[in-house]
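First comes the structure, then the notes that go with it.
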Amino acid sequence: MMVIHEDILYTSIIHNSDWSSGDRVVSIDLSTETILDTFTVVPGPNNLLIHNENLYVSSTYYDSSYNTFVGNSKINIVSGEVMMNNLGLHSNFGYDLVIIQDQVYRVYNGGIAPLNPDLSIDSQNQIGNYGSIYSANVYENYIYFGVSNYVAPDTVFVLNLDGTSQAEYI
């Protein structure tokens, strides 16, 4: 995944060359095309989101038996300080990160839930409960969930920011 902020490209290195889980996020100056910095994060960095001078990173990685592990990281893009929370073995997290009313949320347990200051999940304030979410996004005053049972057709659910259903598209 990639995100651009103030002419700097941030990209996650999900896998190493041997297909083992990577644990790096790299910053690249777009004007000089040079690497500025490399940050160590929870293994399997996926989606990236910049909010309030912090780069949030959702991670998912697997052991040799294909058990799923997750975590969250936060990089202060001014100081370079990295905060990580490896949440361990879990199967109920998705990759996407979104912002709602100045709060970062991650796909969790068939909906989205806010991140606590320690980067754990605040499951008590989850919005939505749709099963197998493959994508989530927020646009203006609406939350969009892409839901699939891996057999077409798929469904997009639209909620307002308090979680009330607004529309459903098949």
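In what follows, every heavy atom counts, from backbone to side chain, and hydrogens, waters and symmetry copies are set aside.
- Considering only heavy atoms from C-beta on, Y105 stays 4.5 Å or farther from V138 through its side chain.
- Taking 4.5 Å as the limit, some side-chain heavy atom of H51 sits within range of a side-chain heavy atom of D102.
- Using modelled atom types and a 3.5 Å distance limit, the side chains of N67 and S65 yield no donor-acceptor pair.
- The CG atom of N72 sits 9.5 Å away from atom CG of D118, with the distance rounded to the nearest 0.5 Å.
- Rounding to the nearest 0.5 Å places CD1 of I13 at 10.5 Å from CG of D23.
- Between the side chain of D18 and the backbone N or O of S20 there is at least one donor-acceptor pair closer than 3.5 Å.
- Although no hydrogens or angles enter the test, the distance criterion places no donor-acceptor pair under 3.5 Å between the side chain of N116 and the main chain of L119.
- Between W19 and H15, the ring planes lie tilted relative to each other; the angle falls in the 30° to 60° range.
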Step by step, work out the side chain to side chain contact (heavy atoms under 4.5 Å, CB included) result for I14 and N46.
CA-CA 6 Å; I14 297 171; N46 282 289; 3.5 Å; yes

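- In the hydrophobic clustering of ILVMFWY residues, with side-chain heavy atoms under 4.5 Å counting as a link, L49 and V25 come out apart.
- Considering only heavy atoms from C-beta on, V82 stays 4.5 Å or farther from T40 through its side chain.
- Judged purely by atom type and a 3.5 angstrom limit, Q101 has no side-chain atom pairing as donor or acceptor with the backbone of Q103.
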Yes or no on side chain to side chain contact (heavy atoms under 4.5 Å, CB included) for Y144 and V156, after CA distance, side-chain angles and deciding distance?
CA-CA 7 Å; Y144 296 83; V156 173; 4.3 Å; yes

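- Each of I28, T11, V26 was checked for a side-chain contact (heavy atoms from CB on, under 4.5 Å) with M2, and the lone residue meeting it is T11.
- A heavy-atom distance below 4.5 Å is found between the side chains of Y61 and V42.
- Remark: the D96 side chain and the N47 side chain contain an N/O donor-acceptor pair separated by less than 3.5 Å.
- The nearest pair of heavy atoms linking V107 to A136 is CG2-CB, 3.6 Å.
- The number of heavy-atom neighbours closer than 6.0 Å to OH of Y62, taken from other residues, nucleotides and ligands shown, is above 12.
- V57 and M1 fall within the same hydrophobic cluster, where Ile, Leu, Val, Met, Phe, Trp and Tyr residues are linked whenever their side-chain heavy atoms come under 4.5 Å apart, directly or through other members.
- Surrounding CD of E168 are more than 12 heavy atoms belonging to other residues, nucleotides or ligands, all under 6.0 Å away.
- Looking at T60 and Y95, their side chains never bring a donor and an acceptor atom within 3.5 Å of each other.
- Note that OG of S148 is 11.5 Å distant from CD1 of I133, once rounded to the nearest 0.5 Å.
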With side chain to side chain contact (heavy atoms under 4.5 Å, CB included) as the test, would you mind laying out the steps for V158 and S165 before giving the verdict?
CA-CA 6 Å; V158 182; S165 179; over 6 Å; no

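- A 4.5 Å side-chain heavy-atom check between Q124 and D122 finds at least one atom pair inside the cut-off.
- Among all heavy-atom pairs drawn from S73 and M84, the shortest one is OG-CG, 3.6 Å.
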Candidate pair S123 and Y108, rule side chain to side chain donor-acceptor pair (under 3.5 Å), full reasoning:
CA-CA 8 Å; S123 61; Y108 172 76; 4.7 Å; no

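- Put simply, the residue from N76, V41, I8, V3 that forms a side-chain contact (heavy atoms from CB on, under 4.5 Å) with L55 is V3.
- Heavy atoms only, all atoms of each residue included: G44 and S21 are closest at N-CB, 4.2 Å.
- The shortest non-hydrogen separation linking G22 to P45 is O-CD, 3.3 Å.
- Side-chain contact between I143 and V98 is absent, with no heavy-atom pair separated by less than 4.5 Å.
- In this structure, F39 and I77 have side chains that are not in contact, with every pair of non-hydrogen atoms separated by 4.5 Å or more.
- The 12-atom threshold is exceeded at OH of Y134, counting heavy atoms of other residues, nucleotides or ligands nearer than 6.0 Å.
- Formation of a donor-acceptor pair under 3.5 Å by the Q126 side chain with backbone atoms of N109 is found in this model.
- Note that the OH atom of Y10 and the CG atom of D37 stand 9.0 Å from one another [nearest 0.5 Å].
- Inter-residue side-chain proximity for L159 and Y130 is flagged as met; some heavy-atom pair is nearer than 4.5 Å.
- Annotation for T38 and R24: closest pair CG2-CD, 3.3 Å, computed over non-hydrogen atoms.
- Considering all non-hydrogen atoms of both residues, G94 and R106 come closest at O-NE, 2.8 Å.
- Cluster membership check: L36 does not share its hydrophobic cluster with I4, using side-chain heavy-atom separations under 4.5 Å among Ile, Leu, Val, Met, Phe, Trp and Tyr.
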Check against side chain to side chain contact (heavy atoms under 4.5 Å, CB included), F145 and I112:
CA-CA 9 Å; F145 290 115; I112 55 174; 3.7 Å; yes

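- Taking CD1 of I121 as the reference point, atom CG of L115 lies at 5.0 Å (rounded to 0.5 Å).
- Residues V70 and M83 share a hydrophobic cluster, clusters being chains of Ile/Leu/Val/Met/Phe/Trp/Tyr side chains in contact below 4.5 Å.
- Atom CG of N141 and atom CG of L161 lie 5.0 Å apart (nearest 0.5 Å).
- Residues Y139 and Y169 are members of one and the same hydrophobic cluster, defined by side-chain heavy-atom contacts under 4.5 angstrom among Ile, Leu, Val, Met, Phe, Trp and Tyr.
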